[in-house]
Amino acid sequence: MKARVNTSIIPDTLERLMDVRGITADKVRAICQELGVGNLRELTTAVTLDQLESIPSLTPENRKNIRRALKLEKDIDHRIQLWDAILQGKEILQYIRQFPEVKKASFAGSLRRGKDTIGDIDIVVEVAGADRKRLLYKIDRMPLTEHIIAAGRSWICALLHNQVLVYFYLTDQQHYGATLLYYTGSTSYNLSIESLATQKGYRFDANGLYDMAQRQYVTAENEEEIFRHLLLDYTPPELREGQELVVAANQHKIPSLVTFNQVKGDMQIHTNWSDGEESIERMAHYVFSVFPHYQYIVVTDHASNERTGHVLRPDDISRQAAEIIDINNAIGHNYVKKGVEVDITENGELSLPDELLKTFDWVIASVHSHFTTDNTARLLKACENPYVHCIGHPSGRLIGSRHPYPVDWDQVFAKAAATSTAMEINARPNRLDLNDTLVKKAIANGVKLVIDTDAHSLAQFDFMQLGIWVARRAGCCHTDILNTFTWEEIEKFKKSKRNAIA
Ligand code: DGT
Ligand code: CA
Ligand code: ZN
């Protein structure tokens with residue numbers, strides 16, 4: 001006969017282990033006894049030290065599920081790119097929002113903060129207590145779901161077929177604000193909110209914001225109400241990384257961040273004159289109708305000696321210019337600007353001579369070779385060229401496949417600011433280059449940024465939002481971002497470069 005399990009010795013905080021697939025009360029008891037752990041923190045330490053290996057009743061699958069449920073199996077080499085996580089996350093949101101049990105659902109975690117890579121997807125869901133079992137049943141049966149890793153009253157962890165983990169945090173209307181705030185994180189931001197809340201007579205944790213004097217949880221349907229209780233400025237998720245932003249919110253110094261609606265144009269685009277998929281005309285008409293608030297686009301095909309495949313040859317330049325004039329005549333104004341992306345060669349020269357460079361409205365100079373050597377000198381020299389307006393994808397990194405090359409950024413940003421050369425935030429999902437940290441440094445040095453999609457096809461114009469996230473995470477206002485300016489203002493910026501070099 002099977003012995004009755006005595007669960008009374010399982011500490012409250014470890015009861016959630018029994019939510020994990022394949023983990024029985026017996027197994028939790030064995031973990032508590034054999035590892036001598038009495039709370040979640042001790043368990044986390046033991047799991048991190050691989051001590052679960054020593055418990056005979058746990059199968060490798062059990063151990064893996066515990067690590068996944070506790071988010072202790074994060075592999076820095078296998079983080080998902082933000083764009084993929086957004087597409088995946090939106091699909092899940094769309095799916096679960098159809099369930100009558102789901103009153104409301106939002107992204108949380110690093111996905112909501114717009115980090116360039118994502119460890120796992122976090123979603124906060126408003127669902128009545130009585131409906132939670134049914135919701136679990138439906139999530140288990142979503143076509144995307146491989147199986148459920150853990151499920152309890154307040155959470156569901158699902159493994160998708162593509163091995164991405166999705167955590168659903170279940171809450172009610174009155175605690176939605178605090179739950180969303182907590183699971184949006186980041187962890188270090190939460191820790192500083194926790195200590196500030198304590199100073200102000202509250203306790204803040206995964207259960208919400210507890211008013212010590214009133215002896216009850218603060219009810220708040222949205223985050224704004226929680227910020228108001230703590231007398232803090234509302235802080236956009238993109239800024240919630242470290243402690244300094246809690247201090248800024250307490251002093252009412254949260255910057256007004258750039259938004260997608262402020263963008264007036266896209267300044268790096270490739271057409272079928274080089275390696276893009278579409279004609280200039282198709283791209284122009286597409287952007288004109290899909291992004292009605294844009295005032296211009298800059299066509300910047302490659303004029304390159306280093307690239308294989310289709311590039312803009314010197315004798316193509318005047319023919320392309322004539323085509324742009326025709327398209328602008330049809331549109332009715334100078335909507336399409338004539339730009340180019342040139343290579344910065346090994347010694348810092350450019351792949352077109354100055355006589356040709358000066359015929360363009362906008363010149364981007366980019367490093368497309370020698371990705372491991374220190375490229376400071378090449379970038380400095382490119383900034384000094386009077387006809388170069390912007391440095392493309394300045395650090396050269398490709399997320400997951402190529403490290404940024406070494407650069408002395410202090411020198412490069414000082415030169416860029418002194419010569420009025422803009423730096424790009426290239427918004428392609430695997431670039432996001434400059435990244436948030438470097439953009440923050442750039443604006444501190446007075447450098448202007450341009451957010452470009454580097455679109456090679458129509459759908460890629462959507463990447464603009466990724467670049468906006470990078471800029472917002474760096475604390476950029478619209479005045480830091482050149483393509484929130486009118487073209488007349490951009491002409492002034494170009495003129496300041498000519499004056500600086502002269
Ligand atoms: P990721 O998934 O690695 O890209 O990064 P996050 O930021 O999404 O982190 P994740 O998924 O481990 O947890 C989601 C949020 O939950 C996190 O940003 C803040 C909150 N959180 C998680 N663990 C803790 C913790 O131990 N303490 C506090 N204060 N907050 C936590
Ligand atoms: Ca996460
Ligand atoms: Zn390029």
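Just so you know, ligand 1 is whichever comes first in the structure, and atom 1 is the first atom listed for that ligand. Index from 1, following the sequence. From a predicted model like this one, the values you see are computed outputs, not experimental measurements.
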Would you mind finding which of G185, A108, S110 brings a heavy atom closest to atom 18 (O) of ligand 1?
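Ranked by closest heavy atom to atom 18 (O) of ligand 1, first place is G185.
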Options Y182, F107, F204, Y183, ranked by nearest heavy atom to atom 31 (C) of ligand 1, top entry:
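Considering heavy atoms of Y182, F107, F204, Y183, the nearest to atom 31 (C) of ligand 1 sits in Y182.
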Listing by chain and number, what protein N/O/S atoms are under 3.0 Å from the Ca ion (ligand 2)?
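Under 3.0 Å from the Ca ion (ligand 2) - ignoring waters, which are not counted - the protein N, O or S atoms are D120 O, D120 OD1, D122 OD2.
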Would [X] pass as a cation-pi partner of [Y], given that its NZ or CZ must be under 6.0 Å from the six-membered ring centre and within 45 degrees of the axis?
X    : Y    : value
K104 : Y176 : yes
R428 : F463 : no
K71  : Y167 : yes

[X] with [Y]: basic N within carboxylate O range, under 4.0 Å:
X    : Y    : result
R378 : E346 : no
K103 : E221 : no
E223 : R240 : yes

May I ask you to check if ligand 1 and [X] share an N or O to N or O distance below 3.5 Å?
X    : value
E194 : yes
G119 : yes
R113 : yes

Would you call the rings of Y169 and Y183 parallel, tilted or perpendicular if under 30° counts as parallel and over 60° as perpendicular?
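Plane angle under 30°, so parallel.
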What angle sits at the Zn ion (ligand 3) between NE2 of H368 and OE2 of E341, to 10°?
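Between OE2 of E341 and NE2 of H368, at the Zn ion (ligand 3), the angle is about 90°.
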Heavy-atom side-chain contact between K440 and T437 under 4.5 Å
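Answer no - side chains too far apart.
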Below 4.5 Å, heavy atoms only, C-beta onward: do R472 and D436 meet side chain to side chain?
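Result no, sub-4.5 Å side-chain heavy-atom pair not found.
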Need the atom name: nearest N/O/S atom of H393 to the Zn ion (ligand 3).
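Output for this pair reads NE2.
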Mind checking whether K115 has a heavy atom under 4.0 Å from ligand 1?
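Under 4.0 Å: no for K115.
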L111 near ligand 1, heavy-atom distance under 4.0 Å?
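The answer is no: ligand 1 sits nowhere under 4.0 Å from a heavy atom of L111.
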